[in-house]
Trainee: 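One structure, pasted below without further comment.
Numbering of residues begins at 1 and proceeds along the displayed sequence. Atoms within each ligand, like the ligands themselves, are counted from 1 in listed order.
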Amino acid sequence: MTNRIAQLTALLPKVSDDPRALIAIARQMIAAGDRPRAVALAEQVHAMTGGRGEAGVTAAEILSDGVFSWHFVIPRDRARNDAYEQALLRAIRPGCRVLEIGTGTGLLAMMAARAGATVVTCEADAAIASAARDVIAANGYSDRVTVVSKHSTDLDPTRDMGGLADILVSEIVSNDLLSEGVLGAHEDAVARLLAPDGVVIPPRGTIRVALARDLRDRAPRLGEASGFDLSAFNRLAAPNELVRVGMDQVALCSAPVDLFSFDFATADPRKPERRELDIPSLGGRIDGIVQWIALEMDAVGRYENRPESGTASCWGALLWRFPEPVDTEKRDTVTVGGAHERDRVRLWVSD
Ligand SMILES: C[S@@+](CC[C@H](N)C(=O)[O-])C[C@H]1O[C@@H](n2cnc3c(N)ncnc32)[C@H](O)[C@@H]1O
């Protein structure tokens with residue numbers, strides 16, 4: 001413990017009934033680099049205040065820092081939840097030991113416990129791990145689910161898990177599939193934390209792409225505003241835009257193509273890759289390439305958030321807009337490039 005953290009800790013008994021003083025110390029703990037202690041204090045203040053008043057709101061500010069809003073969205077995606085639960089039900093045998101990477105609300109860990117497994121689930125964010133423990137206790141699964149507040153690569157298979165897992169399950173895939181670090185986390189877990197004949201859910205993920213027309217009724221870039229030309233600002237636009245799936249925001253202008261497919265059940269490190277594809281158009285204006293994800297859950301289960309499927313998804317698709325729209329006839333080919341750097345994906349139209 002550094003001096004500063006020791007000094008702050010020494011103050012705590014004197015202010016244990018004072019939420020404002022406790023939250024002030026929590027903020028100092030963050031400044032001193034001890035987020036786990038700050039989170040514990042913020043939880044204490046939340047319990048004292050019920051989230052009310054300045055101290056309660058400051059506690060919420062600390063607890064929610066870095067907690068993405070999609071945590072409140074993904075558990076509502078019934079198709080996603082069911083795809084995972086069905087795969088867990090097919091894989092889990094009595095006495096099975098499941099390791100989950102990425103607890104979040106605890107939903108998948110509780111599904112595995114409900115199916116009969118003993119579960120260790122790890123969570124990199126201390127506030128999320130602590131809230132998940134409360135969720136799991138409230139649902140009566142604390143005796144079957146252990147939440148370890150660690151990044152998966154810091155797990156010790158003996159100390160934290162009591163031995164290698166029979167099943168590894170995770171939902172750490174982002175809209176672009178890779179940027180939440182699924183490749184590195186799985187390669188490490190398969191090598192160190194999973195029994196040699198262990199099962200991985202999902203065992204495979206694919207980045208799918210298609211030529212696309214933007215159906216949203218708005219200019220994609222800045223132009224004239226109040227008599228001024230703002231177009232020079234457009235170079236600051238991100239190269240891809242989130243597209244909500246199942247909302248008719250884009251039309252696919254080609255058949256879908258698998259760009260890159262990844263084995264999540266291997267310990268072999270995947271190298272970065274780059275490729276070019278000639279994609280035949282279905283005709284008409286093309287604004288860019290849209291990218292989405294497909295997950296194989298096991299030999300029979302599959303989840304895909306194809307943008308024009310008519311079914312909403314917690315995962316968005318990404319539209320990589322071309323510098324200018326391209327007008328095409330049916331069967332004209334458009335050459336697009338794609339690359340990934342293991343935790344980042346990039347798409348472009350070739351000249
Ligand atoms: C998308 S949420 C999934 C939550 C829950 N498993 C579900 O599917 O409903 C992913 C969670 O995993 C955590 N996470 C991501 N990578 C991790 C890793 N390698 N080790 C531990 N936690 C991780 C994130 O902090 C986040 O809370």
Side-chain angles (χ1 to χ4, degrees), residues 35-36 39 63-89 91-92 98-115 117 119-136 138-139 141 144-157 160-161 165 167-194 200-202 205 242 262 264 267 269-270 293 295 297 301 303 305 313-316 342-344:
R35 178 161 159 80
V39 163
L63 292 173
S64 64
D65 185 33
V67 178
F68 292 105
S69 56
W70 46 247
H71 279 285
F72 298 87
V73 175
I74 60 176
R76 301 174 207 248
D77 184 339
R78 189 62 195 259
R80 178 201 83 112
N81 297 349
D82 287 351
Y84 270 92
E85 184 151 36
Q86 292 309 313
L88 286 166
L89 285 166
I92 289 171
V98 170
L99 168 64
E100 183 195 23
I101 299 180
T103 316
T105 57
L107 183 63
L108 300 190
M110 290 189 290
M111 283 177 180
R114 182 161 65 184
V119 185
V120 171
T121 176
C122 65
E123 171 53 58
D125 184 284
I128 295 177
S130 173
R133 275 191 203 103
D134 289 347
V135 171
I136 289 161
N139 286 279
Y141 283 103
R144 310 284 295 275
V145 179
T146 305
V147 180
V148 181
S149 184
K150 283 185 178 177
H151 193 273
S152 58
T153 52
D154 295 328
L155 282 179
D156 181 294
D160 295 319
M161 298 166 49
I167 298 177
L168 166 65
V169 61
S170 82
E171 196 277 70
I172 50 172
V173 294
S174 43
N175 293 329
D176 73 357
L177 194 78
L178 299 184
S179 58
E180 208 175 336
V182 63
L183 291 184
H186 270 242
E187 288 158 5
D188 169 71
V190 170
R192 292 191 311 111
L193 308 174
L194 184 66
V200 176
I201 301 173
L242 194 69
F262 300 91
F264 295 151
R270 180 74 169 244
I293 64 172
L295 299 176
M297 306 307 300
Y303 180 98
N305 67 336
S313 169
C314 62
W315 283 286
R342 288 177 49 79
D343 57 2
R344 166 179 288 262

Trainee: Once rounded to the nearest 0.5 Å, what's the spacing between atom CD1 of I293 and atom CH2 of W315?
Mentor: 4.5 Å
Trainee: Taking the side chain as every heavy atom from C-beta outward, state whether D343 and L183 have any atom pair closer than 4.5 Å.
Mentor: no
Trainee: State whether a side-chain donor-acceptor pair under 3.5 Å links T121 with E100.
Mentor: yes
Trainee: Test salt bridge (Lys or Arg N to Asp or Glu O under 4.0 Å) on E85 and R114 and set out the steps.
Mentor: CA-CA 10 Å; E85 184 151 36; R114 182 161 65 184; 2.9 Å; yes
Trainee: Which atoms form the tightest heavy-atom contact between R192 and L155, and what is the distance?
Mentor: NH1-O, 2.9 Å
Trainee: Given side chains that start at C-beta, do those of D77 and Y303 come closer than 4.5 Å, heavy atoms only?
Mentor: yes
Trainee: Sort out the contact shell of ligand 1: every protein residue with a heavy-atom distance below 4.0 Å, listed by chain and number.
Mentor: W70, H71, I74, R80, E100, I101, G102, T103, G104, L108, C122, E123, A124, I128, K150, H151, S152, E171, I172, E180, A185
